[in-house]
Amino acid sequence: MNEPLRELIEFLKIPSVSAKEEHKPDIQKAADWLVERLRRAGFSAEAVPTAGHPIVYAEKIVGEERPTVLVYGHYDVQPAEPLELWKTPPFEPTIRDGKLYARGASDDKGQVFAHVAAVSQLGGELPVNVKFVIEGEEEVGSSNLVPFVEANRERLAADAVLVSDSPMFAPGLPTLTYGLRGLTYMEARLRGLGRDVHSGAYGGAVPNAAHAAAWMISQLKDPMGWVRIPGFYDDVEPISPAEREMWSKLPFDEAEYAAEVGARSTAGEPGYGILERRWARPTFDVNGIGSGYQGEGSKTVIAAEAFFKFSMRLVPNQDPGKIADLTEAYLRKIVPEGYELEVLRYHGGQPVLVPTDSSPMQAAAAALSRAWGRETVFTREGGSIPIVYDFMRVLGAPVVLMGFGLESDNLHAPNEKIDLINFEKGIEASKNFFRLLPQYVGKGK
Ligand code: BES
Ligand code: ZN
């Protein structure tokens with residue numbers, strides 16, 4: 001087994017789940033592991049404490065006249081549950097059929113570590129200044145990273161921001177992502193009674209919060225996929241004919257896409273293709289729902305309360321705060337009489353489009369093509385990396401979204417994996433990028 005792979009396995013063994021308090025020591029351990037590894041690669045590195053989880057900051061300055069790359073990634077991972085669905089335990093990395101299985105293999109430890117391995121292998125030959133910002137709170141909203149970026153504008157200054165936390169369009173197809181959706185995450189809680197009651201003794205004569213919640217959900221999105229919140233689509237930028245044309249040329253098979261997730265058919269707004277729905281149309285999805293008896297067998301009861309958690313993926317020009325306001329106003333309008341409604345707002349993120357003609361983007365396209373021996377394609381993505389917007393806003397540097405993962409890597413799900421070839425080519429592409437950048441941005445040799 002090669003050195004980078006052995007090290008990645010070591011990194012993946014640390015269960016750095018950011019959402020759970022019990023994993024706080026593991027979060028620290030993962031941050032310390034990175035600091036130690038980056039120091040060994042000749043970087044000055046530290047784990048900067050925050051109100052939440054530490055941010056790993058590291059830099060290696062090879063020359064003032066050289067271009068500077070800021071590499072961003074995250075060392076935190078999603079919870080591994082449901083554990084019984086993993087073929088091998090999530091924090092015991094295992095290789096099967098050329099793939100490495102572990103929580104965080106693709107999102108994002110495998111991808112961010114490809115860059116650490118790259119700078120390490122380049123050693124004294126590193127032709128650019130490199131700074132790393134690797135956070136421990138990406139999966140829980142990056143709330144402490146925004147103030148860190150704002151407070152360290154000078155220290156983080158760069159000619160390019162390099163982010164690897166997204167998938168390639170298809171296996172073997174080098175991909176640069178130029179668009180990400182934004183996000184508004186909320187929860188509605190309904191109370192119809194002061195306590196749970198017998199459904200025979202009271203049924204038909206008292207409010208049932210589960211029904212009210214179901215009815216409200218039905219009013220939020222129609223069966224065709226149209227979001228019914230007034231004003232929701234007001235700021236949506238239409239898809240340009242040029243983008244439509246470009247996306248239609250990508251190798252995509254709708255039946256295969258449905259089969260890959262075990263769906264009988266795809267879903268969504270009529271008039272738009274699957275890629276358009278995922279990349280350039282906003283959507284509403286219930287992410288969790290609860291009320292009443294969830295145990296074995298039956299229980300005749302009317303629950304006092306119900307809740308549903310939901311999120312809206314947003315596209316350029318929509319604003320997460322404005323969407324949250326519109327949604328809350330609509331929920332308050334439609335809530336049936338006799339229920340107390342509480343609306344909660346969780347984290348959000350702005351949608352982004354990064355320029356495709358920036359010189360770092362061109363260097364990245366060449367770097368990827370060289371690694372994979374194929375021409376790089378340009379795509380958008382449906383997921384969100386909220387800090388990208390803040391990097392653009394605060395640092396004003398072009399962002400390059402150079403993902404090494406695959407859509408089928410089981411992100412946030414059981415049996416997450418990274419293909420070993422992707423990890424290997426990721427390291428190669430990263431080295432190519434650092435080598436090519438100076439001639440593209442015209443600094444250094
Ligand atoms: N790596 C993903 C982002 C991603 C997923 C980009 C799929 C492109 C395609 C990232 O770690 C993530 O999951 N982000 C969260 C952000 C949220 C918690 C604010 C997301 O998209 O749900
Ligand atoms: Zn993620």
Side chains of [X] and [Y] in contact at under 4.5 Å (non-hydrogen atoms):
{"X": "Val227", "Y": "Met312", "value": "no"}
{"X": "Arg393", "Y": "Val146", "value": "yes"}
{"X": "Glu424", "Y": "Ile427", "value": "no"}
{"X": "Arg313", "Y": "Asp285", "value": "no"}
{"X": "Val400", "Y": "Leu176", "value": "yes"}

Under 4.0 Å between a Lys/Arg side-chain N and an Asp/Glu carboxylate O for [X] and [Y]?
{"X": "Arg37", "Y": "Glu10", "answer": "no"}
{"X": "Asp325", "Y": "Arg345", "answer": "yes"}
{"X": "Lys322", "Y": "Asp235", "answer": "yes"}
{"X": "Asp26", "Y": "Lys29", "answer": "no"}

For [X], is the [atom1] atom crowded, meaning more than 12 foreign heavy atoms sit under 6.0 Å from it?
{"X": "Glu3", "atom1": "CD", "answer": "yes"}
{"X": "Glu22", "atom1": "CD", "answer": "yes"}
{"X": "Glu21", "atom1": "CD", "answer": "no"}
{"X": "Glu340", "atom1": "CD", "answer": "no"}
{"X": "Asp97", "atom1": "CG", "answer": "no"}
{"X": "Gln294", "atom1": "CD", "answer": "yes"}

>> side chain to side chain contact (heavy atoms under 4.5 Å, CB included), that's the test. Do Leu420 and Leu100 meet it? Break it down for me.
In response: CA-CA 6 Å; Leu420 295 180; Leu100 175 61; 3.9 Å; yes
Can you check whether [Y]'s main-chain N or O pairs, donor with acceptor, with [X]'s side chain at less than 3.5 Å?
{"X": "Asn415", "Y": "Lys87", "answer": "yes"}
{"X": "Glu137", "Y": "Ser143", "answer": "no"}
{"X": "Arg66", "Y": "Pro127", "answer": "yes"}
{"X": "Thr94", "Y": "Glu92", "answer": "yes"}
{"X": "Ser430", "Y": "Gly426", "answer": "no"}
{"X": "Glu269", "Y": "Trp226", "answer": "no"}
{"X": "Lys431", "Y": "Gln121", "answer": "no"}
{"X": "Ser369", "Y": "Arg374", "answer": "yes"}
{"X": "Lys60", "Y": "Leu38", "answer": "no"}
{"X": "Arg103", "Y": "Pro414", "answer": "no"}

Atom pair [atom1]/[atom2] of [X] and [Y] - distance to nearest 0.5 Å:
{"X": "His53", "Y": "Leu145", "atom1": "NE2", "atom2": "CG", "value": "13.0 Å"}
{"X": "Lys333", "Y": "Leu341", "atom1": "NZ", "atom2": "CG", "value": "14.0 Å"}
{"X": "Glu46", "Y": "Asp32", "atom1": "CD", "atom2": "CG", "value": "12.0 Å"}
{"X": "Leu326", "Y": "Leu331", "atom1": "CG", "atom2": "CG", "value": "11.0 Å"}

With sequence neighbours excluded, what pairs up with [X] under the side-chain hydrogen bond (donor to acceptor under 3.5 Å, both in side chains) test?
{"X": "Arg181", "result": "none"}
{"X": "Asp419", "result": "Lys417"}
{"X": "Ser248", "result": "none"}

> Which residues satisfy the salt bridge (Lys or Arg N to Asp or Glu O under 4.0 Å) test with Lys13, sequence neighbours excluded?
Replying inline: none
> Can Met216 and Leu190 be said to form a side chain to side chain contact (heavy atoms under 4.5 Å, CB included), step by step?
Replying inline: CA-CA 10 Å; Met216 286 176 80; Leu190 286 164; 3.8 Å; yes
> Going through the checks in order, is the side chain to side chain contact (heavy atoms under 4.5 Å, CB included) test met by Val119 and Phe434?
Replying inline: CA-CA 8 Å; Val119 294; Phe434 295 135; 3.7 Å; yes
Where at least one partner belongs to [range], residue pairs that pass ring-ring contact (aromatic ring centres under 6.0 Å, His included), sequence neighbours excluded:
{"range": "residues 80-120", "value": "Trp33-Phe113, His115-Phe404"}
{"range": "residues 354-376", "value": "none"}
{"range": "residues 144-178", "value": "Phe169-Trp279"}

>> Consider side-chain hydrogen bond (donor to acceptor under 3.5 Å, both in side chains). Of Ser142, Ser18, Ser16, which one does Asp76 pass it with?
In response: Ser18
> Can the positive tip of Arg155 be found less than 6.0 Å from the middle of the six-membered ring of Tyr57, inside 45° of the ring normal?
Replying inline: yes
>> Distance to the ring centre below 6.0 angstrom and angle to the axis at most 45 degrees; does that hold for Lys221 and Phe284?
In response: no
Under the ring pair (Phe, Tyr, Trp, His ring centres under 6.0 Å) test, which residues partner [X], sequence neighbours left out?
{"X": "Tyr72", "answer": "Phe391"}
{"X": "His412", "answer": "none"}
{"X": "Tyr272", "answer": "none"}

> What residues form a side-chain contact (heavy atoms from CB on, under 4.5 Å) with Ala306, not counting sequence neighbours?
Replying inline: Ala209, Ala213, Ser291
> Under the side-chain contact (heavy atoms from CB on, under 4.5 Å) test, which residues partner Pro167, sequence neighbours left out?
Replying inline: Glu381, Glu407
> Of the non-hydrogen atoms in Pro360 and Asp159, which two are nearest, and what is the gap between them?
Replying inline: CG-O, 3.8 Å
>> Side chains of Asn317 and Glu237: any donor to acceptor distance under 3.5 Å?
In response: yes
> Does one side chain, of Asp357 or Gln362, offer a donor that lies under 3.5 Å from an acceptor on the other?
Replying inline: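 On atom types as modelled, these side chains do not qualify, holding no pair under 3.5 Å.
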>> Under the criterion salt bridge (charged side-chain N to carboxylate O under 4.0 Å, His left out), I'd like the reasoning laid out for Glu276 against Arg244: C-alpha separation, chi angles, the key distance, then a yes or no.
In response: CA-CA 8 Å; Glu276 293 168 351; Arg244 269 213 152 132; 2.7 Å; yes
>> Glu7 vs Val116, test: side chain to side chain contact (heavy atoms under 4.5 Å, CB included). Steps then yes/no.
In response: CA-CA 10 Å; Glu7 290 179 329; Val116 177; over 6 Å; no
